[in-house]
Amino acid sequence: MVTTYTISDLAREFDLTTRAMRFYEDMGLLQPEREGPGGRNRVYSARDRTRLKLTLRAKRLGLSLTEAKEIIDSYDSPRDTSPQLKKFLTILADHRKKLEDQLVDLQANLDEIRTHEKEARVLLLKAEKSK
């Protein structure tokens with residue numbers, strides 16, 4: 001017997017809203033079958049569940065949904081994993097570079113805040129002494 005899931009099943013399991021699930025479907029990350037009157041009911045496969053799990057993992061890493069889709073889709077191709085792994089490494093390296101650049105910017109901002117805090121404390125001490 002093939003295991004299937006409803007949108008509510010997966011939303012509950014992964015602590016998502018059904019709206020988020022539909023958005024992932026619109027992005028092409030999930031491809032549920034349709035059943036019932038007018039195809040209103042979504043039926044997710046084990047493959048969809050795995051793709052959702054990988055999508056959320058990619059999001060935790062800070063990757064965009066487009067990047068996640070590129071990586072996940074690459075695993076649908078032939079068994080040679082070298083191209084997929086190379087693509088994955090390229091995306092991770094690009095993302096790491098962006099994060100490192102942001103870290104440099106954040107450190108510069110923190111340094112500037114520390115400088116302004118120090119200057120403000122000195123001015124406050126002077127103001128309190130002159131009272």
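With rounding to the nearest 0.5 angstrom, the CD1 atom of I72 is 9.5 Å from the CZ atom of R57. Summarising the geometry, atom CE belonging to M21 is positioned 10.5 Å from atom CG belonging to L29; distances are rounded to the nearest 0.5 Å. One finds the OG atom of S64 at 11.0 Å from the NZ atom of K59 (value rounded to the nearest 0.5 Å). Between the OG1 atom in T66 and the CD1 atom in I71 there is a gap of 11.0 Å [rounded to 0.5 Å]. Going from atom OG1 of T55 over to atom NZ of K69 covers 9.5 Å, rounded to the nearest 0.5 Å. For the atom pair R121 CZ and L124 CG, the distance stands at 9.5 Å (nearest 0.5 Å).
In N109, the CG atom is crowded: over 12 heavy atoms of neighbouring residues, nucleotides or ligands sit closer than 6.0 Å. Summarising the local packing, CD of E33 is surrounded by 12 or fewer heavy atoms from other residues, nucleotides or ligands at distances under 6.0 Å. Summarising the local packing, CZ of R40 is surrounded by 12 or fewer heavy atoms from other residues, nucleotides or ligands at distances under 6.0 Å.
A search for side-chain contact (heavy atoms from CB on, under 4.5 Å) contacts involving F14 returns L10, L16, R49, L52, K53, L56, not counting sequence neighbours. For D111, the salt bridge (Lys or Arg N to Asp or Glu O under 4.0 Å) partners are R114, not counting sequence neighbours. With sequence neighbours left out, R19 forms a salt bridge (Lys or Arg N to Asp or Glu O under 4.0 Å) with no residue at all.
Applying the salt bridge (Lys or Arg N to Asp or Glu O under 4.0 Å) definition to pairs two or more places apart or across chains, those involving residues 99-110 are R96-E100, K97-D101.
Under a 3.5 Å cut-off, the side chain of D9 and the backbone N or O of T6 do form a donor-acceptor pair. For D48 (side chain) and L30 (main-chain N/O), no donor-acceptor pair under 3.5 Å exists by modelled atom type. E128 contributes no side-chain N or O that, together with a main-chain N or O of L125, makes up a donor-acceptor pair within less than 3.5 Å.
Y5 is not listed as a side-chain neighbour of V43, based on a closest heavy-atom distance of 4.5 Å or more. The shortest distance between side-chain heavy atoms of E35 and R42 does not fall below 4.5 Å.
In this structure, I113 shares a hydrophobic cluster with no other residue, the cluster being traced through Ile, Leu, Val, Met, Phe, Trp and Tyr side chains under 4.5 angstrom apart.
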Could you walk me through whether R51 and D73 pass the side-chain contact (heavy atoms from CB on, under 4.5 Å) test, one step at a time?
CA-CA 9 Å; R51 288 177 65 90; D73 285 349; 2.7 Å; yes
Can you give me every donor-acceptor pair (side chain of residues 85-93, partner residue at least two apart or in another chain, under 3.5 Å) with its distance?
residue: K87; atom: NZ; partner: E70; partner atom: OE1; Å: 2.6
residue: T90; atom: OG1; partner: K86; partner atom: O; Å: 2.9

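The same ILVMFWY cluster, assembled from side-chain heavy atoms under 4.5 Å apart, contains both M27 and L54.
Checked by atom type, the side-chain pair Q31/R47 shows a donor-acceptor distance below 3.5 Å.
Here the shortest heavy-atom pairing between Y44 and I7 reads CE1-CA, 3.5 Å.
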